[in-house]
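Counting begins at 1 with the first residue of the sequence. Order of appearance sets the numbers: ligands from 1, and atoms from 1 within every ligand. Basis for what follows: all heavy atoms, side chains included, without hydrogens, waters or symmetry-related copies.
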Amino acid sequence: MRPTKDILGALTGTVTVLTSFVAASQPGAEQPVPGPMRDLIWGKLNFLHTTDTHGWHAGHLLEGQYSADWGDYISFAQHMRKKADDHGVDLLLVDTGDRVEGNGLYDASKPPGKYYYDIYREQHIDIICSGNHELYKADTADREHEYSVPNFRDVYIASNLDYIDPKTGERKPMARRYRKFRTKNQKLDIVAFGFLFDFTGNANNTITIPVQQTIEEIWFQQAIREETDLFVVIGHVGVQMDEFKEIHRAIRQHNPDKPILFFGGHAHVRDATQYDSRSFALASGRYFETIGWMSIDGELKRKEKHGDLKRREETSSLSFHRRYIDNNLLGLYHHSGLNSTTFHTEHGRNVSAMITKARKELNLDYAFGCAPKSLWMSRAPYPSEDSIYSWLETEVFPDVVVNASRKDIPRLVIANTGVIRFDIFEGPFTIDSTYIVSPFTSKFVFIPDVAYSSAHKVLKLLNSAGRIFAESGPMDNRFMANPEQFAIRESIIYDNIVDSNGHQKPMDTHGKTVLTPGYTTRDDVGTDGDDTIHAPINFYVVPNCFQAKIGISKDEEPKNVDLVFLDFIKPWVLAALDFLGTPYQDEDVLPYVEERFTDMMAGWIEKNWPKRCDENGVCGCK
Ligand SMILES: *[C@@H]1O[C@H](CO)[C@@H](O)[C@H](O)[C@H]1NC(C)=O
Ligand SMILES: *[C@@H]1O[C@H](CO)[C@@H](O)[C@H](O)[C@H]1NC(C)=O
Ligand SMILES: *[C@@H]1O[C@H](CO)[C@@H](O)[C@H](O)[C@H]1NC(C)=O
Ligand SMILES: *[C@@H]1O[C@H](CO)[C@@H](O)[C@H](O)[C@H]1NC(C)=O
């Protein structure tokens with residue numbers, strides 16, 4: 001990236017240390033934490049991007065780093081839009097899906113999303129699309145169609161997604177296939193698409209059309225021939241995934257020098273890349289920890305159509321910039337040039353109040369118990385006493401994964417690491433926490449009396465490179481782990497990945513500045529993407545699956561065991577058993593425990609962790 005002069009006067013690499021203190025928006029949320037900042041660099045066209053928010057619209061109440069809420073984002077966007085207007089440039093807001101599932105604010109109501117749809121719609125968004133989580137369950141897809149699509153009527157784009165009307169059975173596009181519009185200040189013509197990766201796990205009331213097929217369709221071929229200044233492709237697609245590269249290739253074929261901007265998600269990482277020098281792609285993290293910023297500057301307006309070849313040679317260079325804005329009130333104040341008195345707009349405050357009311361009605365702060373210490377997914381090695389997987393394996397599973405009629409039969413209990421979606425922090429473990437930590441409906445199932453000689457090899461196969469699964473159709477075994485792990489194994493995005501042997505880089509002590517731990521992103525553009533300069537957090541690679549051995553003594557191997565596992569991983573377990581020469585069928589797999597995994601975990605916590613935290617939310621346990 002060649003730094004160009006920032007049109008609003010801020011300089012690349014300017015670092016400001018924030019010092020003011022404020023109250024966060026949701027009552028009880030952690031105070032936002034200050035840190036050294038990199039400024040935003042504006043261009044003629046600028047974007048704010050959210051993705052994979054998964055219901056975290058109340059912000060992270062337990063992490064001051066990310067404790068701003070959706071109302072604060074609304075205030076922020078209002079100020080930034082005004083700033084753009086004042087300088088005659090444009091600001092657009094983008095969201096790329098997976099807005100649902102993963103937080104009590106969405107999941108805890110009956111039906112899910114009773115409050116979420118009304119809260120979310122308050123933000124003014126310019127381009128929006130679906131993620132896979134909007135589509136796993138038929139009723140979620142129905143609600144997406146019934147509420148979100150009309151809430152974002154002209155800006156919801158479904159380039160490769162169809163919906164089947166439950167009443168008529170008619171198949172039709174979920175929303176419009178593309179959008180052509182003109183920006184307010186620069187009068188730039190934009191053709192925008194909204195894609196989903198080639199997803200096959202959806203309920204039967206939606207249909208994802210593969211990207212390869214979509215780009216051959218007549219409407220798409222016409223759309224990429226529209227008279228326009230630039231293309232904006234948003235999608236619930238990882239920016240390193242082939243789907244975006246295919247779309248880029250298709251558009252570029254007919255538009256040799258037009259800028260093409262991509263906004264992606266799904267991989268839950270901060271990432272940016274370029275498919276060529278006149279394109280730029282941004283992915284903006286997960287769980288409303290990150291608000292992505294992209295700007296483009298240079299000669300954006302198309303010229304009259306003559307002397308095509310000559311014009312191409314003269315094409316001026318473009319400059320692109322990106323920032324990963326921590327969803328931190330102090331940072332939002334900083335970027336908008338305001339403070340706690342001047343920042344919060346009436347609209348923003350109203351939406352924060354809607355969220356507070358919803359959280360109260362859902363009783364999300366009810367505590368099952370008080371976590372005596374933090375348990376980590378990937379910030380601690382596995383196995384270790386701070387690993388959430390070690391805790392489940394050694395403490396929780398032996399207690400709760402029990403079927404009364406088979407309690408004396410030795411068993412292997414296998415779960416996939418992906419069943420856990422978030423860390424447990426020291427302090428209250430609430431109703432909200434259950435949805436945050438494990439939002440899934442998985443239950444334990446089992447195959448009775450499997451030869452131990454075979455059963456004890458299953459785990460190793462599930463965690464191996466996946467050769468044996470490749471032949472079994474679309475069952476990449478990485479899907480058993482979390483998307484973050486998925487991305488890490490593919491490419492180096494963070495500075496500080498620790499391999500399973502525990503090799504790691506030592507932490508920096510950046511002079512005198514005290515840095516809070518957080519994202520230290522390395523992407524294809526460089527290492528200056530994060531708006532806040534952080535101390536790195538260790539990221540440990542964890543396996544696809546982990547296992548508890550229950551009722552099995554070290555000295556004497558049993559002949560047979562019950563092989564117990566989460567229903568989600570059934571296809572892989574069956575394939576592994578098959579590979580080991582002990583094939584079983586679908587109908588050999590029986591229910592083991594009626595309760596959902598998530599409820600079992602909450603039940604264990606209620607029984608085993610102290611009930612009370614002191615008034616500061618700190619555990620008085622031990
Ligand atoms: C989807 O599956 C359900 C349950 O199997 C069935 O009742 C329904 O008719 C199916 N719908 C469509 C559109 O195929
Ligand atoms: C915020 O800024 C305004 C205007 O510059 C000033 O009057 C006010 O005192 C500031 N408030 C705080 C809390 O710093
Ligand atoms: C905020 O809420 C108040 C009270 O419900 C309402 O009168 C006002 O119009 C709302 N303002 C905005 C900007 O939404
Ligand atoms: C225990 O296992 C048996 C055999 O699969 C099953 O019929 C029963 O429902 C299970 N019990 C519970 C509580 O799930």
Tell me if the centroids of the rings in H344 and Y333 come within less than 6.0 Å of each other. yes
The side-chain contact (heavy atoms from CB on, under 4.5 Å) partners of E594 (sequence neighbours excluded) come to K443, P591
Walk me through whether F288 and W70 qualify under ring-ring contact (aromatic ring centres under 6.0 Å, His included). CA-CA 9 Å; F288 199 36; W70 198 246; 5.3 Å; yes
Atoms of ligand 1 under 4.0 Å from any heavy atom of N204, numbered from 1 in the order shown, are 1 (C), 2 (O), 3 (C), 8 (C), 10 (C), 11 (N), 12 (C), 13 (C), 14 (O)
NZ (K82) with more than 12 external heavy atoms under 6.0 Å: no
Distance under 4.0 Å to a non-hydrogen atom of E346: what atoms of ligand 3 satisfy this? 1 (C), 8 (C), 9 (O), 10 (C), 11 (N), 12 (C), 13 (C)
With under 30° as parallel and over 60° as perpendicular, where do the rings of W42 and W293 fit, or are they tilted in between? perpendicular
Look at the rings of Y116 and Y106 and say which category their plane angle falls in: under 30° parallel, 30 to 60° tilted, over 60° perpendicular. perpendicular
Regarding R143 and the six-membered ring of Y147, is the cationic atom NZ or CZ under 6.0 Å from the ring centre and inside 45° of its axis? no
Kindly print each ligand 4 N/O atom paired with any protein N/O atom under 3.5 angstrom away, one pair per line, or none if nothing qualifies.
unit_1: ligand 4; atom_1: 2 (O); unit_2: N403; atom_2: ND2; d: 2.2
unit_1: ligand 4; atom_1: 5 (O); unit_2: P591; atom_2: O; d: 3.1
unit_1: ligand 4; atom_1: 11 (N); unit_2: N403; atom_2: ND2; d: 3.0
unit_1: ligand 4; atom_1: 14 (O); unit_2: Y592; atom_2: O; d: 3.3

